[in-house]
Asker: 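Please see the structure below; I have some questions.
All figures in this text were calculated on a predicted structure; none of them were measured in a lab.
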Amino acid sequence: MLSKRPTCAFLLLACAVALSVSLSTDRLRAQEPSPSFDPQQVPIPQRPPFAGLAAQSYAQNCAPCHGPAGDGDGPAGAAADPTVFSDPAAIWDRSPAELFFVTKFGRIENLMPPWRNSMSDQQIWQAVYYSWSLHTDESEIAEGEELYAQSCRACHGADGRGDGAEASGDLPDFSAQAQMIFASQAQLEQHWREIHPELGSDWSMSQRKAVLEYVRAFTYEPAWAPFSVSGPGTIGGEVVQGTEGGPALQPSEVMLNVYQQTSLVETRTAMTVAEGGFSFQDLPVDEGFYFLVETSYRDVRYTSPILAFSGPEFTEDRSGPERIDTSLPVYETTTDPQGIHVSRANWIIEHEAGALLVGQLFTFGNASDRTVIGTREDALAGPVTLGIGLPADAQGVEVQDGLIGEEYLLRQQTLFDTRPVRPGAGARQIFVRYRLPFDDDSAEVSFPVSHDIQLLNVLVADLPDLEADVAIGGELLDPGGQETIQGVSFRRWSAPVSSGLPLQVRLRRLIPAGGADPRAEREPQSNRQMPIAAPPLDARVPVVFGGVVTLVLLIAMLLFMHRERNRRPPTTAQMTARRAELIDQIARLDDLHALGELEEKVWQRERANLKQELIAIALTHERVGEAK
């Protein structure tokens, strides 16, 4: 079952996926031209690429220009000249290798950006064949298969390897990647006419093309093809007792969830053997497949980290038969919450007319070696493990990774979490957001502190004449300086806070109800206007990402706040200025990465965020143009 929580999906995709972008014509054309096609720069696929694995990548990276169905009608493609993948004529004279080369190295003169820094070679091959699939369909290839069976299979073989029962001489191998990726459909058809002019001489051109599409499918799996979740990979490990002095573990069931991108495609089960060992074999090692091992102990579910055989997201690149070993600790349970603490909290306060927008991010730890399962509170339906006090006037309370009334309960301005808290420094992250209305142009807010917080950062979005004080238990904190997150300027206060001491925030010269945001006329800020929604993940996936980097969660908080505050669309001049600024930022990021001064994952994450905003600007610009 798919989750109804797209925010969690956004966090994962923000960390792992580079989004596509409409780049500035002036900036791109000022760059050096893209390199000419060089076959030596095209790697040979080690396995037939599975086009279906690139469906999500195409939608995010390609469809904004090429269109969702390959019709060249994407909202960001108006200024470019995107290939119309749905048109067979556009593909007829182009080989898969040429498409790979352009995808990897770009075609700047046509505003096609290079993807070599944000996609692996295997991911590019998957995207190339997904795009290739758009100009044909299942019925055409089925027609080609029937004609091939009648006239070609006897010699060329069922798999195109030239090993048919009537084969003679040195027949070409249509499944050989090293030859086929460099041949266009036009070249295959010409070779056909030269070698076998009599074969298919009474067929129509559409029938000949159908046979050629079937022959091409010997080298890749079309997007619609059913696939077998199998391969040379093995995932093994042990379920171990994590509580000191805990009883020896009995044999138990372990499940392996297999994901294709964000969709759960298969679940396998196995019983642990001696010393808790388990093993799952015959697993796909292609990029785009992710794995999650889970088991239950004392009615508490435990999961492994996300595992992958290949790809930059979770493991180093690998190929061929592989093995991944993982450990899955389980713990005894307790109702004693003494080990629970907040290691870090980040609270963001933004502004809209007549209200504050508040986002609070808590990172909870459990210092004990037992899972806290909670105690029953009066007037609540079941046991609760964590409680977060909210200000008295908080309205529209939402939680990032669950629903109030299900995983979370809200009673008398306290938000309760009902889920067990496993041992560990970052056992749980909770992100809660809400509004606080105020009168006139000032607000005084008392934030309850329900747990000891080792370090609390309070970030208040700046306004031109803002007056702000932050105090703990009546004692004023010294400001800690300015912070900029996604282009938004914040004032910062930082300090440890003891449970029971409220944090008071006094703000003056705010935006009154009905007033205009004075920042609206400033230079446009990053991600202030147009966040992008992402498809939902399977409900089990977000649990694994409880330790997602704080920066990404802070960005997610800002996306919500800026979506909910000033909805006035940006002007064309603002969008143009911001687009140029973002392109400069992307170029600087790429330079730092090329010089080795920026870590791979940080570079990918920041680049994806910038591209996300660029695509949003392109979509908004398109809507503005249509409105005119």
Side-chain angles (χ1 to χ4, degrees), residues 7 342 344-364 386-402 404 408 410 412-417 429-451 453 455-463 466-472 477 479-480 483 485-486 488-495 497 501-513 517 519 527-528 531 550-567:
T7 306
V342 178
R344 180 181 292 270
N346 294 280
W347 298 358
I348 289 183
I349 301 176
E350 246 284 27
H351 312 288
E352 69 176 7
L356 301 177
L357 301 175
V358 180
Q360 294 177 292
L361 173 63
F362 298 86
T363 300
F364 287 90
L386 302 173
I388 297 173
L390 305 178
D393 296 329
Q395 299 178 357
V397 180
E398 296 182 34
V399 191
Q400 170 257 330
D401 66 338
I404 294 175
Y408 292 92
L410 184 60
Q412 298 178 349
Q413 294 305 96
T414 299
L415 180 71
F416 294 100
D417 189 352
Q429 282 189 322
I430 296 178
F431 168 31
V432 57
R433 55 202 186 189
Y434 49 87
R435 283 184 176 79
L436 290 172
F438 57 80
D439 297 324
D440 300 323
D441 66 348
S442 63
E444 294 190 12
V445 184
S446 179
F447 293 91
V449 177
S450 306
H451 299 82
I453 301 177
L455 179 62
L456 170 63
N457 296 309
V458 179
L459 301 170
V460 179
D462 210 354
L463 291 172
L466 179 68
E467 298 177 12
D469 293 317
V470 176
I472 298 175
L477 296 180
E483 295 285 346
I485 303 175
Q486 291 296 99
V488 182
S489 179
F490 291 89
R491 302 186 196 183
R492 176 175 56 82
W493 292 261
S494 299
V497 187
L501 288 178
L503 182 132
Q504 296 99 11
V505 177
R506 302 181 184 90
L507 303 174
R508 293 169 292 280
R509 298 183 181 273
L510 298 171
I511 307 168
D517 189 336
R519 300 170 295 179
N527 280 331
R528 291 183 70 85
T550 299
L551 175 62
V552 177
L553 279 173
L554 292 177
I555 291 170
M557 295 163 72
L558 290 176
L559 289 176
F560 165 75
M561 294 172 183
H562 296 142
R563 181 180 71 239
E564 298 301 320
R565 52 174 288 272
N566 189 359
R567 292 179 178 270

Asker: For Q429 and T363, which I'm curious about, is there any donor-acceptor pair between the side chains at under 3.5 Å?
Answerer: yes
Asker: Heavy-atom count around R509 CZ within 6.0 Å, excluding the residue itself: above 12?
Answerer: no
Asker: Grab the two heavy atoms, one from A471 and one from R506, that are nearest each other, plus how far apart they are.
Answerer: CB-NH1, 4.2 Å
Asker: Between R433 (side chain only) and E398 (backbone N and O only), is there a donor and an acceptor less than 3.5 Å apart?
Answerer: no
Asker: Are the side chains of R491 and P479 in contact, using a 4.5 Å heavy-atom criterion?
Answerer: no
Asker: Between OG1 of T414 and CG of L390, what distance do you get to the nearest 0.5 Å?
Answerer: 6.5 Å
Asker: What distance separates L415 CG from Y434 OH, expressed to the nearest 0.5 Å?
Answerer: 10.0 Å
Asker: Looking at Q413 and P391, would you say the former's side chain and the latter's main chain have a donor-acceptor pair under 3.5 Å?
Answerer: yes
Asker: Heavy-atom distance under 4.5 Å between the side chains of D393 and V445, does that happen here?
Answerer: no
Asker: What's the spacing between L456 CG and I472 CD1 if we round to 0.5 Å?
Answerer: 6.5 Å
Asker: For H451 and F364, I'd like to know if the aromatic rings sit close, meaning centre-to-centre distance below 6.0 Å.
Answerer: yes
Asker: Say whether, by atom type as modelled, one donor and one acceptor occur between the side chain of H351 and the main chain of L510 under 3.5 angstrom.
Answerer: no
Asker: To the nearest 0.5 Å, what is the distance between CG on L466 and CZ on R508?
Answerer: 8.5 Å
Asker: Work out which heavy atom in A345 is nearest to a heavy atom in I453; give both atom names and the distance.
Answerer: CB-CG2, 4.0 Å
Asker: Given I430 and Q360, is the side-chain contact (heavy atoms from CB on, under 4.5 Å) satisfied, shown in steps?
Answerer: CA-CA 8 Å; I430 296 178; Q360 294 177 292; over 6 Å; no
Asker: At their closest point, which heavy atom of W347 faces which heavy atom of P448, and how far apart are they?
Answerer: CH2-O, 4.3 Å
Asker: Report yes if some heavy atom in the side chain of V432 is under 4.5 Å from a heavy atom in the side chain of F362; otherwise report no.
Answerer: yes
Asker: Should V449 and L501 be marked as a side-chain contact (heavy atoms from CB on, under 4.5 Å) after you check the CA-CA gap, both sets of side-chain angles, and the distance that decides it?
Answerer: CA-CA 6 Å; V449 177; L501 288 178; 5.7 Å; no
Asker: Got a second to check how far L357's CG is from I348's CD1, nearest 0.5 Å?
Answerer: 11.0 Å
Asker: For residues G387 and F416, report the shortest heavy-atom separation together with the two atoms involved.
Answerer: CA-CD2, 4.1 Å
Asker: Should D469 and Q504 count as side-chain neighbours, where that means a heavy-atom distance under 4.5 Å?
Answerer: no
Asker: W493 vs L503, test: side-chain contact (heavy atoms from CB on, under 4.5 Å). Steps then yes/no.
Answerer: CA-CA 11 Å; W493 292 261; L503 182 132; over 6 Å; no
Asker: Might you point out which heavy atoms bring G389 and S450 nearest each other, and give the distance in Å?
Answerer: N-OG, 2.9 Å
Asker: For side-chain contact (heavy atoms from CB on, under 4.5 Å), just list the numbers for L386 and I388, CA-CA rounded to whole Å, side-chain angles, deciding distance to a tenth of an Å, and then say yes or no.
Answerer: CA-CA 7 Å; L386 302 173; I388 297 173; 5.7 Å; no
Asker: Got a salt bridge between D462 and R519, using NZ or NE/NH1/NH2 to carboxylate O under 4.0 Å?
Answerer: no
Asker: Out of curiosity, L477 CG to R492 CZ, how far, rounded to the nearest 0.5 Å?
Answerer: 11.5 Å
